[in-house]
Amino acid sequence: MPRITLPDGKVLEFPQAVTGKQVAETIGPGLAKKAIGVKLDGTEIRDLARPIDRDCTIKIITAKDDDPDALYLLRHSAAHVLAEAVCAVFPGTQLAYGPPVDDGFFYDLKTPRPVTEGDFATIEAKMQEIVGQNRPFTRCELSAADGLARTANDKYKNDNAQRALAKGDDKLSFYVSGEPGRDWEDLCAGPHVPSTGWLKASKVMSVAGAYWHGDQTSDQLTRIYGTCFADEKGLKQHLHRLEEAKRRNHRKLGKEMSLFHIEEDNPGQVFWHPNGWSIYVTLMEYMRQKQRKYGYVEVHTPSVMARSLWERSGHWEKYRENMFTTESEKRDFAIKPMNCPGHLLIFKQGLKSYRDLPLRIAEFGSCCRNEASGALHGIMRVRGFVQDDGHILCTDEQVGQEVATFCRMLTEVYADFGFGIDRITVKLATRPAQRIGDDATWDHTEKTLGDAVTAAGLKFVVSPGEGAFYGPKLEFTLVDAIGRGWQCGTIQLDPNLPGKDRFDATYVAEDGSRKNCVMLHRATLGSLERFLGILIEHFEGKFPLWLAPEQVRVIPISDAQLPFAKGVQQRLVDAGMRATIDEQPNSLGAKVRDARLARVNYFAVVGQKEVDEGAVALQNQAGDKLGTLAVDAFVARMLEEVAQKRLPAAMTTGA
RNA sequence: GCCGAUGUAGCUCAGCUGGUAGAGCAAUGCUUUCGUAAAGCAUAGGUCGCGGGUUCGAGUCCCACCAUCGGCUCCA
């Protein structure tokens with residue numbers, strides 16, 4: 001007698017177990033036609049055809065692009081269609097694993113020959129054929145023994161089956177795309193849409209390598225990525241977003257705007273050009289001011305440090321393959337990959353009192369990490385970079401307060417770049433399996449971090465087991481203008497490095513005893529290189545005035561206005577603006593075009609009329625004509641916009 | 001590091017089954033001094049990622065390497 005509660009609170013009672021389909025039909029035939037699955041008690045998504053035999057709340061899932069549950073069902077099902085198509089195109093293919101992911105799904109398989117992009121059309125054609133046949137997804141449940149027998153000759157599926165059983169399942173389910181015994185089938189927990197006909201808006205996206213279980217020493221598999229939406233419109237929008245991302249690509253814009261380059265002979269190291277360096281320095285100076293306001297002292301520590309120091313910090317043992325090492329007079333050295341040891345060494349100079357704590361040490365630390373060649377990615381992932389790094393040395397009792405204050409500073413900083421609270425997500429990474437310290441300490445520190453985030457007005461999600469071995473951490477992710485997430489800020493608690501066995505950073509407590517500090521590693525922007533890459537893509541190269549490399553370009557209409565125009569430019573430069581002048585003997589149209597393409601924020605056109613009036617005719621990058629302004633008013637307006645760090649209207653968010 | 005793809009002028013790209021490397025933009029020179037997204041003409045510019053090999057002959061075919069891109073892995 002299941003009692004089923006609908007989203008509006010209405011309760012339906014049935015004399016015996018019913019399927020989701022039947023529930024939907026009871027509510028209305030229109031809904032039943034559109035339904036692709038159900039969600040029970042807000043957690044369990046089920047096939048429409050599976051019986052519901054308990055009291056529960058229900059949500060009928062219909063095929064909609066804005067419902068994550070619907071996309072989950074569609075994509076999980078589309079993965080099966082893809083896999084079937086690949087098996088048909090490449091006989092002998094072995095299936096491994098095919099889950100839905102953000103933006104789509106993938107299927108890992110072992111194919112008899114490498115799959116290339118050239119094969120996509122063939123695979124897609126086969127997929128459309130399967131979709132066109134509108135075959136039902138049929139669930140078959142088998143006992144553990146029968147299920148294992150059915151996968152006996154299939155290395156990966158058998159492994160999956162055993163894992164499922166080890167997790168506590170007592171049955172194994174298979175899904176047949178059509179009629180059992182005749183059509184293609186796959187070991188799968190489900191759930192799926194009713195039939196393949198729902199999967200019209202599917203597309204094969206890319207192919208990549210992947211390892212079985214993500215283990216480098218295990219089998220190399222082929223991973224085919226695809227996506228699926230409820231309808232063509234959703235798919236089209238998705239493809240449009242990808243195009244948009246391509247248009248904003250920081251490598252493309254970096255070249256176009258001459259911000260930086262990377263030499264082919266020197267992978268992972270950035271050569272900053274004048275325009276890029278201008279933004280970089282502005283960023284750095286901005287953070288310097290902000291940190292000063294929040295009580296940090298700035299230091300600078302050596303780039304190359306002796307092996308003995310890296311041994312003491314533990315890096316030589318644990319982080320060796322990521323460090324660039326060198327040698328001098330038979331002694332080993334390493335280029336620093338992190339700044340923490342240097343900061344501890346500064347802390348240890350002289351005797352510290354509890355009155356000196358918390359000590360907040362900041363450094364724009366230039367670090368090198370020997371990243372795997374395949375991991376490099378424009379300026380987002382490089383081997384040489386600068387962090388807005390900082391370490392707070394404090395007592396256990398001060399941790400909560402320090403984390404809360406850091407969260408406040410971070411939200412303030414992010415807001416200045418247009419990332420309001422609605423564009424920040426926070427993750428609390430908790431104790432991993434391999435760790436030091438007792439559970440009571442972990443309980444306490446995890447709670448302290450969580451409370452501090454809440455106190456700053458932010459929400460967080462817990463990421464179990466993702467913490468460092470020595471302590472929990474918070475990770476702050478920005479959501480950019482086209483909805484992509486970028487993890488930037490972080491703060492993590494570390495009692496290990498300042499502890500007795502490492503650097504033994506102590507202070508004299510109120511009672512005269514020596515105690516060890518704890519340390520908070522923290523960064524707001526993270527790597528400046530990466531953060532700037534994010535900003536380039538977020539703003540599409542159209543930076544807010546305070547960050548822009550070329551803020552104003554003065555454009556004289558003809559040489560006759562050159563002296564006046566130069567005077568205007570000089571006024572701007574004297575006022576601290578980054579202003580240039582276009583002296584080319586081109587038509588005005590050409591000069592305006594150049595300025596807009598160069599993404600100059602404002603251009604001040606000076607013709608004879610403006611010279612006579614002591615004014616400029618102003619236009620912005622977007623092409624809005626802003627009228628004629630007296631030079632004084634113009635300069636004041638620019639300075640005000642810089643001072644306010646005003647963002648383009650489209651880039652401001654709530655909160 | 002692993003899997004797949006890519007690499008031709010400063011940039012964006014064309015170059016078929018092997019036969020002396022091409023366009024647009026940019027650059028340079030001259031002319032034009034122009035009222036809000038492209039003035040005209042001319043000139044110059046390439047060891048086809050690098051190294052081998054096959055061939056009478058290689059941008060094109062083969063092998064190895066490097067870099068980049070999409071992923072994987074890594075991110076004490």
Side-chain angles (χ1 to χ4, degrees), chain A residues 101 106 108 110-111 113-120 205-225 242 246 249 251-252 255-256 258 261-268 310 313-323 337-338 340 369-378 381 432 434 436 466-471 475 487 490 492 494 496-497 502 521 526-527 530 555-562 583-598 603-610 617-626 628:
Chain A
V101 290
F106 65 77
D108 283 350
K110 186 140 186 123
T111 49
R113 71 151 174 92
V115 176
T116 71
E117 279 176 35
D119 299 315
F120 289 2
M205 300 301 293
S206 61
V207 59
Y211 304 106
W212 178 231
H213 295 321
D215 177 0
Q216 232 180 121
T217 60
S218 186
D219 295 9
Q220 175 77 49
L221 303 171
T222 299
R223 172 169 296 182
I224 302 180
Y225 281 88
L242 293 180
K246 228 166 153 183
N249 189 300
R251 289 161 293 208
K252 176 173 164 286
K255 195 179 271 178
E256 220 174 284
S258 186
H261 84 274
I262 295 172
E263 284 290 324
E264 189 178 317
D265 287 352
N266 202 41
W310 297 116
S313 70
H315 286 85
W316 196 263
E317 188 200 350
K318 301 275 187 190
Y319 203 67
R320 178 74 199 278
E321 67 279 17
N322 278 299
M323 294 199 285
M338 297 178 196
C340 22
R369 294 183 189 172
N370 194 4
E371 302 283 358
S373 59
L376 300 177
H377 179 92
R381 189 76 183 267
Q434 291 273 324
I436 57 170
E466 297 278 298
F469 72 88
Y470 47 72
E475 290 182 339
Q487 198 234 301
T490 178
Q492 47 187 291
D494 180 5
N496 180 53
L497 214 51
R502 293 297 178 191
H521 303 254
S527 144
R530 181 162 177 277
I555 303 180
I557 291 181
S558 76
D559 287 354
Q561 295 88 39
L562 210 48
E583 297 187 58
Q584 287 178 282
N586 270 333
S587 71
L588 179 58
K591 286 188 266 201
V592 166
R593 182 170 190 270
D594 286 348
R596 291 190 65 177
L597 289 176
F603 24 105
V605 176
V606 173
Q608 196 50 49
K609 210 173 76 186
E610 285 72 24
L618 197 59
Q619 187 174 334
N620 65 15
Q621 198 280 334
D624 306 317
K625 311 238 179 344
L626 304 168
T628 301

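Only heavy atoms go into these numbers, but all of them, side chains included; no hydrogens, no water, no symmetry mates. Quick caveat, the model's predicted, so the values are computed rather than measured.
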Margin query: Checking contacts here: which listed nucleotide (B:C69, B:C74, B:A76) is nearest the side-chain heavy atoms of A:R381?
Written below: B:C74
Check: Which nucleotide, B:U68, B:U36, B:C74, lies nearest any side-chain atom of A:E371?
Finding: B:C74
Check: Given B:A39, B:A27, B:G7, which nucleotide is nearest the side-chain atoms of A:E264?
Finding: B:G7
Notebook entry, point to check: With a non-hydrogen cut-off below 4.0 angstrom, is A:G374 in contact with a base, only sugar-phosphate, or nothing?
Noted result: base
Note to self: Both A:V207 and A:L497 contact RNA chain B. Which one's nearest nucleotide lies toward the 5' end?
What the structure shows: A:V207
Check: If you look at every strand shown and take non-hydrogen atoms under 4.0 Å, does A:A375 touch a base, only sugar-phosphate, or nothing?
Finding: base
Check: Where the side chain of A:Q584 is concerned, which of B:A27, B:A76, B:U68 is the nearest nucleotide?
Finding: B:A27
Next item on the list: Determine the contact category for A:D594: base if any of its heavy atoms lies under 4.0 Å from a base atom, sugar-phosphate if only primed atoms, P, OP1 or OP2 are that close, otherwise nothing.
Entry: nothing
Notebook entry, point to check: Which listed nucleotide (B:A37, B:U36, B:A39) is nearest to the side chain of A:Q619?
Noted result: B:U36
Margin query: If you compare all heavy atoms of A:P556 against all heavy atoms of A:K591, which two are closest, and at what distance to 0.1 Å?
Written below: O-NZ, 2.9 Å
Notebook entry, point to check: Between B:U68, B:U36, B:C72, which nucleotide gets closest to the side-chain atoms of A:R223?
Noted result: B:C72
Next item on the list: Considering just the side-chain nitrogens and oxygens of A:T222, establish if one lies under 4.0 Å of OP1 or OP2 belonging to B:C3.
Entry: no
Item checked: Nearest to side-chain heavy atoms of A:A372, which nucleotide of B:G1, B:C72, B:U12 -> B:G1
Check: What stem regions, each of at least 3 consecutive Watson-Crick or G-U pairs below 3.5 Å, can be found for RNA chain B?
Finding: B:1-7 with B:66-72, B:10-13 with B:22-25, B:27-31 with B:39-43, B:51-53 with B:61-63
Next item on the list: Counting heavy atoms from C-beta on, name the nucleotide in B:G35, B:C69, B:C11 closest to the side chain of A:A617.
Entry: B:G35
Margin query: Quick check: on RNA chain B, is the nucleotide nearest A:I262 upstream (toward 5') of the one nearest A:E321, or the reverse? Name the residue that is more 5'.
Written below: A:I262
Margin query: For B:C74, does the base pair up with any side-chain atom of A:R369 as donor and acceptor (N or O, under 3.5 Å, distance only)?
Written below: no
Margin query: Counting only side-chain nitrogens and oxygens, does A:K255 get under 4.0 Å of the OP1 or OP2 atom of B:U12?
Written below: yes
Margin query: Using a heavy-atom cut-off of 4.0 Å across all strands, would you classify A:E256 as base, sugar-phosphate, or nothing?
Written below: nothing
Notebook entry, point to check: Got a donor-acceptor pair under 3.5 Å from the side chain of A:E610 to the base of B:G35?
Noted result: yes
Next item on the list: May I ask you to say what A:Y225 touches in the nucleic acid, namely base, sugar-phosphate or nothing, with a heavy-atom cut-off under 4.0 Å?
Entry: sugar-phosphate
Note to self: Using every non-hydrogen atom in the two residues, find where A:M205 and A:F120 come nearest and quote the distance to one decimal.
What the structure shows: O-CE2, 3.7 Å
Checklist line | Side chain of A:P267 - closest among B:A76, B:U68, B:U36 | finding: B:U68
Check: Between the base of B:G71 and the side chain of A:Y211, is there any donor-acceptor pair under 3.5 Å?
Finding: no
Check: Between B:C74, B:A76, B:G35, which nucleotide has the shortest distance from any of its atoms to the side chain of A:K609?
Finding: B:G35
Next item on the list: Search all heavy atoms of A:H315 against all heavy atoms of A:S313 and return the closest pair with its distance.
Entry: ND1-OG, 2.6 Å
